[in-house]
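The structure under discussion appears below in the form of structure tokens.
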Amino acid sequence: MPEIAITLPDGSERSLPEGSTGGDLAASIGRRLAKDAVVVVVDGEPRDLAAPLADGESVRIVTIKDPDVAEYLRHSTAHVLAQAVLNLWPGATFAGGPAIENGCYYDFELPGGATFTDEDLERIDAEMRRIIAADQPFERFELPLDEARELMADHPYKRVFMDLAAAGESADGEVSGGETISFYRNTPEFVDMCLGPHVPSTGRLANFRLTRHGGAYFRGSEQNPMLQRIYAVAFPTAGELEAFLHQQEEAAARDHRRLGVELDLFSFPEEVGSGLAVFHPKGGIIRRLMEDYSRKRHEEAGYEFVYSPHITKADLFETSGHLQWFAEGMFPPMEIDAPESADGEGAGTSYYLKPMNCPFHILIYRSRMRSYRELPLRMFEFGTVYRYEKSGVVHGLTRVRGMTQDDAHIFTTKEQMADELGSILTFVLDLLRDYGLDDFYLELSTRPPEKAVGSDEEWEEATSALRGAAESMGLELVLDEGGGAFYGPKISVQARDAIGRTWQMSTIQVDFQLPQRFDLNYVGADGERHRPIMIHRALFGSVERFFGVLVEHYAGAFPAWLAPEQVRVLPVADAHLDYALQVAAQLRGGGARVDVAPADETLGNRIRRAKGEKLPYVLVVGDDDVARGTVGVNPRGGEVERDVPVASFAERLAADVAGRH
RNA sequence: GCCCGAGUAGCUCAGUUGGCCAGAGCAGCUGUCUUGUAAACAGCAGGCCGUCGGUUCGAAUCCGACCUCGGGCUCCA
């Protein structure tokens with residue numbers, strides 16, 4: 001029998017009979033490997049274990065232990081999900097079902113426009129486990145386009161994918177544009193169109209959980225019908241699934257919406273309106289400290305502070321272009337002196353709530369002639385803006401309709417731009433670190449393919465300046481090709497929090513458009529007028545959002561410098577109250593935020609309350625302390641210490657605050 | 001904006017197929033207790049059952065609209 005030669009990743013060669021598959025290869029190496037093999041990667045291309053190998057190919061066997069394997073498991077899990085739904089809902093049809101981070105989803109259309117319920121997920125889960133227990137094989141086959149369309153006669157969305165691919169357009173990875181269409185068959189009844197590869201059989205899939213269901217537009221467009229999507233998470237091992245679910249629980253316990261209520265930080269009164277927050281006194285302390293520190297650092301970094309009103313006449317946003325491009329995201333206008341109240345003479349004036357601060361800062365710039373000697377000119381404002389976010393997107397403090405941006409606009413010459421971008425980025429990252437975030441990556445968004453203002457040279461110059469600044473930070477840089485706004489490229493800073501979630505924080509955006517629209521200029525050393533370049537820069541993004549991120553990052557346990565109440569002094573009995581008040585006064589004299597909880601309740605209960613409120617320090621004072629001038633220190637997350645002199649505790653607290661711990 | 005779900009006391013939740021006075025725990029208040037490190041005891045008070053309309057002899061419960069919240073899609077200048 002003729003043999004083929006296969007190269008393995010370690011460079012060694014193996015001979016196998018012609019027609020051997022990846023599975024045969026694994027079996028020829030070892031029984032254990034054959035059992036653990038999931039797919040093979042042939043000359044860089046993933047394939048099914050059952051696909052025949054050819055002479056001279058390089059093959060890597062992907063096993064259950066391989067980090068790449070999750071993607072295949074997830075994709076195969078999606079097929080099982082689809083089969084389960086089609087089994088349970090005769091007449092249902094299905095659209096796309098890709099693997100995604102941590103799992104997969106599948107989109108369906110149920111007969112009669114039905115939707116899924118939570119109970120349905122349980123039924124589907126049970127059916128999926130039945131399919132997995134049956135250990136159905138994934139069998140690949142290919143058909144020419146016309147036969148493929150025939151096979152999917154009952155599934156119009158699948159045929160849309162085929163047509164898209166045939167027309168050379170993106171089919172969302174569901175099908176490629178070749179001569180034939182590939183399918184996978186699990187049972188005589190269930191076939192799904194798919195590029196593959198898949199695990200050899202459904203028995204390999206066990207560690208999944210259905211998580212959510214909801215509506216989703218076909219191919220993500222509001223123009224298309226809404227399908228019903230089911231999400232699953234899936235992992236190679238039960239341990240990974242458990243770990244993931246545990247992490248989800250941990251994240252839920254940190255949810256700033258929940259902690260905001262529990263810790264009495266902020267609320268969203270229904271009477272005020274959706275997406276409009278009020279900050280309670282404890283949240284107010286944190287917010288003020290955040291803002292104060294930011295102001296101090298901005299002042300040191302050469303920013304000048306400006307202020308602007310919350311509303312303005314429509315003209316300003318006509319000039320800026322906001323009404324042309326973003327009117328949908330703005331609150332509707334207030335009509336002042338409308339025609340009916342002005343005896344029909346003349347049009348009324350429209351005032352808008354501002355969605356951005358930049359036009360105001362531009363007017364300040366333009367209020368007089370500017371010299372190159374003034375540049376870079378850095379204007380900073382905690383500017384409150386209002387955006388009419390769509391009703392379905394408002395979410396806690398992270399997506400609101402009224403927010404305060406820590407907004408700065410920097411006007412520079414073209415020559416200064418690169419240096420300025422570098423120092424802004426350094427400034428931003430340093431400041432974020434002071435707030436306790438220290439794990440970042442950067443994203444560079446470049447010119448969008450279609451609409452864009454500014455010349456190619458300008459884009460190139462600004463983009464490379466941004467890239468240079470980003471690279472000099474020594475951080476991971478992700479390219480977001482074509483993801484920039486039409487008016488200029490940008491860098492966004494993504495921060496990973498204490499449990500590894502990423503949040504988009506600061507953005508640094510170059511703007512070619514507004515200096516033009518407002519005809520900004522400065523007089524250069526040559527006596528000629530030149531156009532400045534404008535950089536938009538927000539560090540927190542919005543104070544509200546950053547507040548929410550910090551709540552989640554710290555799980556509500558704010559470091560001493562931000563904690564609303566840093567210390568609570570608990571007298572053991574009434575007899576020790578005077579001493580407790582004295583200790584509190586002494587600490588307060590050093591600038592600490594201290595309260596005393598009198599002995600109306602048991603000590604244990606007062607400790608419990610203070611712990612629930614996540615105070616950095618609880619001090620207990622009794623007879624011994626009164627006698628010796630000491631305190632008992634019960635630090636958050638630490639061991640109780642007795643007989644600590646008040647002065648040394650005060651020093652410790654001061655050190656915490658100074659070190660932002 | 002679209003699809004699904006939910007709104008009962010400050011918070012977390014019970015409230016059977018529509019049937020008198022709507023319940024609990026925690027929090028709050030008042031007493032008693034005076035305590036050395038995560039829940040002392042007793043009592044009191046607290047709700048137009050999200051809002052408006054409808055069905056009904058009768059609505060927290062059924063129907064509709066609206067508001068708000070949660071999940072998903074789209075969006076996030």
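Reminder, nothing fancy here: chain letters follow the sequence lines and each chain counts from 1.
- One atom, CZ of Phe268(A), and another, P of G70(B), lie 8 Å apart when rounded to the nearest Å.
- The backbone N or O of Asp643(A) sits nowhere less than 3.5 Å from a side-chain atom of Arg628(A) that would complete a donor-acceptor pair.
- Checking A60(B) for Watson-Crick or G-U wobble geometry (two distances, each under 3.5 Å) identifies no partner in any strand.
- Figure legend. A40(B) is base-paired to U32(B); pairs are counted as Watson-Crick or G-U wobble with both atom distances under 3.5 Å.
- Annotation: C63(B) and U56(B) have their C1' atoms spaced 12 Å apart (nearest Å).
- For Pro355(A), whose side chain is taken as the heavy atoms from C-beta onward, the closest listed nucleotide among A77(B), C2(B), C67(B) is A77(B).
- When atom types are taken as modelled, the side chain of Gln509(A) and the backbone of Lys490(A) share no donor-acceptor pair closer than 3.5 angstrom.
- Remark: Arg401(A) is not positioned above the aromatic ring of Tyr386(A), lacking an NZ or CZ atom under 6.0 angstrom from the ring centre and at most 45 degrees off the axis.
- Atom-to-atom, CG of Asp118(A) to C1' of C3(B) comes out at 14 Å; the value is rounded to the nearest Å.
- Of all nucleotides listed (G72(B), G36(B), C75(B)), G36(B) comes nearest to the side chain of Arg642(A).
- Between G72(B) and G31(B), the two P atoms lie 49 Å apart (nearest whole Å).
- Annotation: U16(B) and G10(B) have their P atoms spaced 22 Å apart (nearest Å).
- Aromatic ring pairs are classed by plane angle as parallel below 30°, tilted from 30° to 60° and perpendicular above 60°; the pair Tyr157(A) and Phe218(A) is tilted.
- Across all strands, Glu262(A) comes closer than 4.0 Å to no nucleic acid atom at all (heavy-atom distances).
- Contact between the side-chain N/O atoms of Arg257(A) and the OP1/OP2 oxygens of G71(B) is found at a separation under 4.0 Å.
- Glu389(A) has its CD atom 13 Å from the P atom of C69(B), to the nearest Å.
- Per the geometry, CG belonging to Leu603(A) stands 12 Å off P belonging to U35(B), to the nearest Å.
- Applying the 4.0 Å criterion to OP1 and OP2 of C69(B), one finds that Ser274(A) has a side-chain N or O inside that range.
- Asn634(A) places its CG atom 8 Å from the P atom of A38(B), with the value rounded to the nearest Å.
- Shown are His409(A), His536(A), Arg366(A); of these, the side chain to side chain donor-acceptor pair (under 3.5 Å) with His361(A) is made only by His409(A).
- Distance check on atom P: A24(B) versus A45(B) gives 12 Å, rounded to whole Å.
- A donor N or O paired with an acceptor N or O is found under 3.5 Å between the base of C75(B) and the side-chain atoms of Arg399(A).
- Comparing the P positions of G43(B) and C66(B) gives an interatomic distance of 48 Å, to the nearest angstrom.
- Contacts of Tyr231(A) with the nucleic acid, taken as non-hydrogen atoms under 4.0 Å apart, involve only primed sugar atoms and P, OP1 or OP2.
- Here Ala573(A) lies in heavy-atom contact (under 4.0 Å) with a base.
- The phosphate of G28(B) (OP1 or OP2) has a side-chain N or O of Arg609(A) nearer than 4.0 angstrom.
- Using atom C1' as the reference point in both G19(B) and C3(B), the two lie 37 Å apart (nearest Å).
- At C76(B), none of the side-chain N or O atoms of Tyr388(A) fall inside 4.0 Å of OP1 or OP2 (strictly under the cut-off).
- Between Leu437(A) and Met505(A), the closest heavy-atom pair is CD1-SD, 3.9 Å.
- Comparing Val394(A) and Phe326(A) by the nucleotide of RNA chain B whose heavy atom lies nearest to each, the residue mapping closer to the 5' end is Val394(A).
- Comparing Glu641(A) and Ser221(A) against RNA chain B, the residue whose closest nucleotide sits nearer the 5' end is Glu641(A).
- For Ala599(A), the side-chain atoms get nearest to U35(B) when compared with the rest of A77(B), U35(B), C69(B).
- The same atom, P, is picked in A6(B) and in C62(B); the two are 10 Å apart, to the nearest Å.
- Contact annotation for Gly604(A): backbone-only contact, meaning every heavy-atom pair under 4.0 Å involves sugar-phosphate atoms and none involves a base.
- For Glu270(A), whose side chain is taken as the heavy atoms from C-beta onward, the closest listed nucleotide among G1(B), C67(B), A77(B) is C67(B).
- Straight-line distance from the CG atom of Asp600(A) to the P atom of A39(B): 18 Å, rounded to whole Å.
- Looking only at atom types and distance, the side chain of His280(A) has a donor-acceptor partner in the side chain of Ser267(A) under 3.5 Å away.
- Within the shown strands, G72(B) is the pairing partner of C2(B) under the Watson-Crick or G-U definition, both distances less than 3.5 Å.
- Checking U37(B), G36(B), C4(B) against the side-chain heavy atoms of Asp625(A) singles out G36(B) as nearest.
- A donor-acceptor pair under 3.5 Å is absent between the side-chain atoms of Arg606(A) and the main chain of Leu570(A), judged by distance alone.
- Phosphate contact (OP1/OP2 of C3(B), side-chain N/O of Thr115(A), threshold under 4.0 Å): absent.
- Across all strands shown, Gly275(A) has heavy atoms under 4.0 Å from sugar-phosphate atoms exclusively, and none from any base.
- Distance from the side chain of Lys390(A) is smallest for G1(B) among the nucleotides U35(B), G7(B), G1(B).
- The side chain of Arg606(A) contributes no N or O atom lying less than 4.0 Å from OP1 or OP2 of U37(B).
- Put simply, His395(A) has no side-chain N or O that comes within less than 4.0 Å of OP1 or OP2 on C76(B).
- Between Asp623(A) atom CG and G36(B) atom C1' there is a gap of 9 Å when expressed in whole angstrom units.
- With a 3.5 Å ceiling on both atom-pair distances, the Watson-Crick or G-U wobble partner of G25(B) is C11(B).
- For the P atoms, the distance linking C41(B) with C26(B) amounts to 9 Å, nearest Å.
- Counting any heavy atom pair closer than 4.0 Å across all strands shown, Gly329(A) reaches a base atom.
- Residue His213(A) contributes atom NE2, which lies 12 Å from atom C1' of A6(B) at whole-angstrom precision.
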### Query
Passes ring pair (Phe, Tyr, Trp, His ring centres under 6.0 Å), Phe94(A) versus Trp89(A)? Steps please.
CA-CA 11 Å; Phe94(A) 56 160; Trp89(A) 277 267; over 10 Å; no
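- Summarising the base pairing, A65(B) is matched to U51(B) through a Watson-Crick or G-U wobble pair whose two defining distances lie under 3.5 Å.
- Of the side-chain N and O atoms in Arg212(A), one or more sit less than 4.0 angstrom from OP1 or OP2 of G72(B).
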